[in-house]
2 protein chains.
Amino acid sequence: MNGSPNIARTAALIGDIARASMLSALMSGKALTASELAREAGVTIQTASSHLSKLEQGRLLKVRKQGRNKYFELASQDVANVLEGLMGLEAGTHPLKTRTGPSDAALRHARVCYNHLAGDMGIQLYDSLLANQYLKLANEKLILTRKGAQFVREFGIDIEHLQSAKAPVCRECLDWSERRSHLAGSLGRAFLQRFETLKWIKREEGSRIVKFSRHGDDAFNATF
Amino acid sequence: MNGSPNIARTAALIGDIARASMLSALMSGKALTASELAREAGVTIQTASSHLSKLEQGRLLKVRKQGRNKYFELASQDVANVLEGLMGLEAGTHPLKTRTGPSDAALRHARVCYNHLAGDMGIQLYDSLLANQYLKLANEKLILTRKGAQFVREFGIDIEHLQSAKAPVCRECLDWSERRSHLAGSLGRAFLQRFETLKWIKREEGSRIVKFSRHGDDAFNATF
DNA sequence: TTCATAGTTCGATCATAGTCGAACTATTCG
DNA sequence: CGAATAGTTCGACTATGATCGAACTATGAA
């Protein structure tokens with residue numbers, strides 16, 4: 001009965017359909033405005049405003065003000081993890097219902113998790129980096145090897161810039177669809193951005209689905 | 001807006017104070033009866049009954065009927081993980097409030113997480129097993145080495161019995177207080193039980209706190 | 001300044017669901 | 001067979017909070 005009221009507060013915050021829709025939308029990693037989130041959740045702007053201030057107060061969201069717009073995003077990777085965990089519970093619950101539609105299959109194949117690549121392709125990336133000893137698991141920490149740093153640099157990612165920031169470069173993230181780890185952290189984010197710039201992938205508007213172009217798919221498989 | 005209603009349903013289930021109290025109590029890993037859980041949550045038995053059936057329906061709890069008693073426990077390690085995640089969010093949110101009392105310090109030192117040891121001592125155990133190469137991280141899977149199996153057997157755990165069951169023997173679990181991994185899975189559970197039989201530890205009634213005896217503390221530190 | 005758009009605040013309405021008392025079933029123990 | 005204990009179901013009460021309309025502030029554009 002110790003920390004229970006606290007977890008109830010947070011869970012109740014997630015436990016509203018409108019707010020859950022907003023949080024789900026933000027799992028794409030993109031920062032969205034209040035109006036966009038209102039539309040996403042299917043409520044009026046006033047209602048959304050109320051929800052968003054609660055989510056911010058509950059430290060689930062982080063806000064950035066830009067002119068007359070207010071951009072919301074998930075407060076941290078930890079928040080994203082909890083949300084993924086909840087999705088995982090639901091997925092594990094109904095083993096029959098898991099493959100409901102094509103969008104579900106697409107999500108399992110490749111999707112955005114907060115700000116990095118998840119799904120089958122995310123796991124392939126992660127496994128390949130480990131197999132090539134670009135990443136190494138030391139204790140329970142994931143670290144980028146020297147060989148890995150060079151590879152990443154040649155792949156077109158400004159690794160020194162990432163390393164100079166205080167945020168962790170490599171981090172594991174558990175996949176709800178595969179129950180395997182994939183790469184998060186600022187490097188995970190950088191890979192996703194790089195794939196986008198290279199036009200290997202295209203992100204569906206308003207969803208977490210990541211679509212590989214024909215060329216991108218070939219190149220990805222050749223590289224990782 | 002895809003899986004959002006689902007996560008809202010689950011989160012709302014956790015988001016009630018009475019139910020959160022029950023779930024927290026069950027984080028001790030012990031199976032509790034409906035009346036015990038009612039007392040824990042501070043509601044009448046009728047109310048508890050209603051909550052418990054909802055939690056069961058929502059697949060957060062698993063029920064075992066024994067005579068005229070009904071024993072409830074968390075449905076899976078995944079459920080425990082989500083709950084730990086939620087606690088972690090709360091803990092990370094108020095960095096000032098983290099060290100509220102002595103019970104909090106005790107929880108950080110050694111506690112039960114679902115059915116295995118967590119907190120500082122849990123991490124010490126995990127690290128030691130890795131350092132001695134009793135455990136090994138291969139890809140993202142945790143495996144027990146041959147050397148490790150022998151050690152575990154000599155420590156008084158029937159490892160063959162664990163391995164014959166279908167449940168995973170070794171598993172990682174993330175600590176909310178330390179943000180480090182510790183050992184879960186059936187081996188984690190077996191260690192906890194073994195410590196109890198050896199009288200190294202004693203579990204406080206109705207809480208997650210694990211108390212090491214003077215002898216137990218010495219022995220633990222000598223062994224791990 | 002005037003207009004348009006983004007977001008907030010307030011107030012009223014309404015539905016959901018948490019709560020308990022009372023009456024029920026089910027199991028165990030003499 | 002009762003008597004006692006564990007848990008469930010039902011119904012009524014109530015409080016919380018989600019919702020929207022209307023009126024507000026704030027930023028940007030013309």
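These values consider heavy atoms only, across backbone and side chains, with no hydrogens, waters or symmetry-generated copies.
- Of all heavy-atom pairs spanning A/A80 and A/M27, the tightest one is O-CE, 3.8 Å.
- The residue among A/A18 and B/T33 whose nearest nucleotide of DNA chain D lies closer to the 5′ end is B/T33.
- When rounded to the nearest whole Å, the span between CD1 of A/I45 and P of D/dT19 equals 15 Å.
- For A/S53, there are no side-chain hydrogen bond (donor to acceptor under 3.5 Å, both in side chains) partners at least two apart in sequence or on another chain.
- We find that CG of A/L55 is positioned 12 Å from P of C/dT8, with the value rounded to whole Å.
- Residue B/K70 places none of its side-chain N or O atoms closer than 4.0 Å to OP1 or OP2 of C/dT27.
- Considering only side-chain N and O atoms, A/K54 lies under 4.0 angstrom from the phosphate OP1 or OP2 of D/dA18.
- Taking atom CG of residue A/N69 and atom P of nucleotide D/dA29, one finds them 11 Å apart after rounding to whole Å.
- Between B/I17 atom CD1 and D/dT16 atom C1' there is a gap of 10 Å when expressed in whole angstrom units.
- Between A/H51 and the phosphate of D/dT19, there is a side-chain N or O to OP1/OP2 separation shorter than 4.0 Å.
- We find that OH of B/Y71 is positioned 8 Å from P of D/dG7, with the value rounded to whole Å.
- Here the C1' atom of nucleotide C/dG18 and the CG atom of B/L37 are 17 Å apart, to the nearest Å.
- Remark on DNA chain C: of its neighbouring residues B/S50 and A/T47, the 5'-side contact belongs to A/T47, judged by nearest-heavy-atom nucleotide.
- Between B/S35 and D/dT5, a side-chain N or O to OP1/OP2 separation shorter than 4.0 Å is absent.
- A sub-4.0 Å separation between OP1 or OP2 of D/dA26 and a side-chain N or O of A/K65 is absent.
- Residue B/L32 contributes atom CG, which lies 16 Å from atom C1' of D/dG7 at whole-angstrom precision.
- Contacts of A/K62 classified as salt bridge (Lys or Arg N to Asp or Glu O under 4.0 Å), with partners at least two apart in sequence or in another chain: none.
- Distance from the side chain of A/R19 is smallest to D/dA18 among C/dT8, C/dG21, D/dA18.
- With hydrogens and angles ignored, no donor-acceptor pair under 3.5 angstrom links the side chain of A/Q46 to the base of C/dG7.
- Nearest to the side-chain atoms of B/A34 among the listed nucleotides D/dG7, D/dA18, C/dT19 stands D/dG7.
- With respect to B/R153 and B/E160, a salt bridge is recorded, a charged nitrogen being found less than 4.0 Å from a carboxylate O.
- Defined by atom type and a distance below 3.5 Å, a donor-acceptor pair is present between the side-chain atoms of B/T44 and B/T47.
- Between the CG atom of B/L13 and the C1' atom of C/dA17 there is a distance of 12 Å, given to the nearest Å.
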